[in-house]
Structure formats: structure tokens, C-alpha cells
Amino acid sequence: MSHATARACANLAFVKYWGKRDASLNLPMNNSISMTLDAAHTTTRVEFVPGLERDKVLLSERPARPAFARRVAAHLDRIRSIGGSSEAARVNTHNNFPAGTGFASSASGFAALTCAASSALGLQLSRRQLSVLARLGSGSACRSICAGFVEWQAGRDSDSSFATQLADPRHWNLVDVAVLVTDEEKAVRSSDGHQLASNSPFWQTRNQTISSRLAEIRQALLERDFHRFGREVESEALEMHAIMQTSGHENGGAWQSGIFYMVADTLQLINAVQRWRQAGMDVYFTLDAGPTVHLLCMEDQVGDVLQAVNSLEGSQGWRTIVCRPGPGARLLPGRDSD
Ligand code: PMV
């Protein structure tokens, strides 16, 4: 087979990956814990074409931006070097959600690309090998290889830094009601943000306390203790944003005190969540590197949460995507095998 199609879901981190130990290998400072999201996915077809001069990358049927195409080509080089191939590829990739707004499209994208390209070259890789490879494309992509609830082991070196499943998707009826408050792409890419994290005066503290945070969230998740889980996850998201907002740096000759991924509507929703809890609703939030607010609740609360969101002023312009624990990265059989 010289072509294959794979699909991988985005994932939502409960314990965040923010800051790297090694930028070229995407080795994280700490373990992270996530849920793979069933409703937000990337589908990628890779076809190695004899005689094709160089890789061609289409995003939703249009030529991808040069920076993205270069990242894809660099990732294909890693996979070609394992497979002993020098053939260029046609890559066609499609997200079923808007990229750059707090859903990690790089996670689902590089997980799908890894599976499709390695399969198209006839490589039989284990989940662990796929996770290591996906991580080299984009750190959080290593978690999208696995289904359900997932932990990425920071590891000592490249081969020991990969994700494994903590619990399968049926373990817990946890739902992420993602509220996309804008379609505008974020101004600072997460790869730049990671580099700036250590500029924050709170960075040392985070690294000293992260192992107890991990233990708390892992245990609450495994015991399905929603309130303990929600409290910790919310504090974790705000801690990451505190680091972001205090990562001072020079930007084009001018001083910038930090990175602000939240917009006014993000804050409106965060305040609403505190009010809703006062009123007895069981809901918590988390955020990634973007303005999207991920509302966490149990399955039986989804209707109430959606109604509460839709009753807020300004919500007409928002989009909600309801995500449940999803499958790991997989090949799409039938469509493309020969
Ligand atoms: O994988 P990257 O480089 O896009 O970084 C992802 C960073 C966060 O989404 C903010 C946190 C995480 O753990 O997913």
C-alpha cells in the first residue's frame, strides 16, 4: 500500500503541558493528563507518489500555508527515514473544527499524519512507537494516539516520552462542552509560548508542585470524583494562564509583559461558571492556549449547561461542540486500503 487514510481526535489536557525540557525533541517539563475528544477530529490521507518532486500538502482541499507545509514535510522526513523511503507525498488533511482557537488541531493533525504516513509506507508500529513519533511532530499529539483518558510520561529521553491510556472511554461519563467564542486564530503559537514559560516568576513554583497536582487529578479521575477533579482542573488551567500572562519578553523591540489567550467573552464565561456553581449546577472549566472555554460536566448535566450558555448575552456568535471520551488514532479501512 502506498497510501492510507487515518483519523485522530483532538484532546483536552486536565494537567497541562506548558514548557519544554528539550525544544527540538518536544520533551515536556512534566507529565500531562488528557481526554481524547470524540467530536473534534482530523482526517488525513497520505499518498507516496513515485516521481513527485516534493511533498504537496492540502488543508481542506486548499494548498496549506508554507509554514504548516514545511512542518508536515519535516514530519514526513522522520517517517521516511524509518521506512527507508525517499518518495515525496501528497497529503490531504481536513479538520472538522476551527483550528487555532483552543482546540489542539496540531494534536489531532500530527497523530493522524503519523498513522497515515507510517501505514502508507508499510511500517507496523506499536502504539508506543506511534506516540513517540507523533510527539516529535507536536508534543500534545502523542496523547491523541490513545483512546479515552490518557497520561503522557515526560520520560528521560525521546524513546521514553510517550502517552498511555489511564482509563478507556467507558470509564467515566465526563463531557466537555467546548464553547468557541471566536473563530479568530490566536496571535501567539503554542510553540512560541512554550519557549517563554520559563520567563515567568512562577515557573519554579509550578515545577515544584506539579507532581502533587498530577497525583490529585489522576486519582480523582480514576475514582470518578467529579468535584475534586473539577476544582483541581480549574486551578491547573488558571495556573497555566498565570504563567502565560507573566512570561515577559521583547517582541519586535517592544516589551510585552505576557501572553493573553483569553478574550472578554472567555472571562464572561469563567465568571458565569462561578455563578452557575453557586446556583447548584455541577460544572467546572478549563482552557488551553486559546480563548475557547471548555465546560466540564457529567452527561446528565449537558442540557442544563447548554441552556445556561445559550442564555448568556453575546452567546449568539458562539459555537458549542459537545465532546465525550473518544477513540485513539486509527486507520480508516475500506476507503483507502488496497
Ligand atoms: O502540543 P502543543 O505544542 O500545541 O502544546 C499544547 C499546549 C496546551 O494545549 C496549552 C496544553 C496541553 O497540554 O495540551
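Nothing fancy with the numbering, it's 1 onward along the sequence. Note that the structure is predicted; figures quoted are calculated from it, not measured. Ligands are counted one by one from 1 in listed order, and the atoms in each one are counted from 1 as well. Excluded from the calculations below are hydrogen atoms, water molecules and symmetry mates; all remaining heavy atoms, backbone and side chain alike, are included.
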(request) Give a yes-or-no answer on whether the side chains of S161 and W152 include a donor-acceptor pair shorter than 3.5 Å. (result) yes

(message) Parallel, tilted or perpendicular: which one describes the rings of W255 and H249, with boundaries at 30° and 60°?
(response) tilted

(message) Does the plane of the ring in F149 sit parallel, tilted or perpendicular to the ring in W172? Use 30° and 60° as the thresholds.
(response) tilted

(message) Can you classify the ring geometry of W18 versus H194 as parallel (below 30°), tilted (30 to 60°) or perpendicular (above 60°)?
(response) tilted

(request) Could you find the nearest protein heavy atom to atom 4 (O) of ligand 1 and give me its residue, atom name and distance? (result) S190 OG, 2.9 Å

(request) Look at ligand 1 and say whether S106 reaches it with a heavy atom at a distance under 4.0 Å. (result) yes

(message) Could you work out, for atom 12 (C) of ligand 1, the closest of K20, R143, K16 by heavy-atom distance?
(response) R143

(message) For a quick check under 3.5 Å, do S60 and H94 share a side-chain donor-acceptor pair by atom type?
(response) yes

(request) Give the minimum heavy-atom separation between A88 and D55, together with the two atoms involved. (result) CA-OD1, 3.4 Å

(request) List every atom of ligand 1 that sits less than 4.0 Å from any heavy atom of A13, numbering the atoms from 1 in the order shown and giving each element. (result) 12 (C), 13 (O), 14 (O)

(request) Would you name the heavy atoms of A8 and A112 that are closest together and state the gap between them? (result) CB-N, 3.6 Å

(message) Starting from atom 13 (O) of ligand 1, what is the nearest protein heavy atom, named by residue and atom, and what distance separates them?
(response) Y17 N, 2.9 Å

(request) Check whether any N or O atom of S140, backbone or side chain, sits under 3.5 Å from an N or O atom of ligand 1, and answer yes or no. (result) yes

(request) Please check if any side-chain donor atom of S24 sits under 3.5 Å from a side-chain acceptor atom of D22, or the reverse. (result) yes

(message) For atom 5 (O) of ligand 1, what is the closest protein heavy atom, and at what distance to 0.1 Å?
(response) H194 NE2, 3.0 Å

(message) Between ligand 1 and N11, is the shortest N or O to N or O distance under 3.5 Å?
(response) no

(message) Check contact between S138 and ligand 1, using heavy atoms of the residue and a distance below 4.0 angstrom.
(response) yes

(message) Using a 3.5 Å cut-off on N or O atoms only, is W18 in polar contact with ligand 1?
(response) no

(message) Among all protein heavy atoms in this structure, tell me which lies nearest to atom 9 (O) of ligand 1, with the distance rounded to 0.1 Å.
(response) D288 CG, 3.6 Å

(request) Distance to 0.1 Å, residue and atom name: give those for the protein heavy atom nearest to atom 10 (C) of ligand 1. (result) A289 N, 3.5 Å

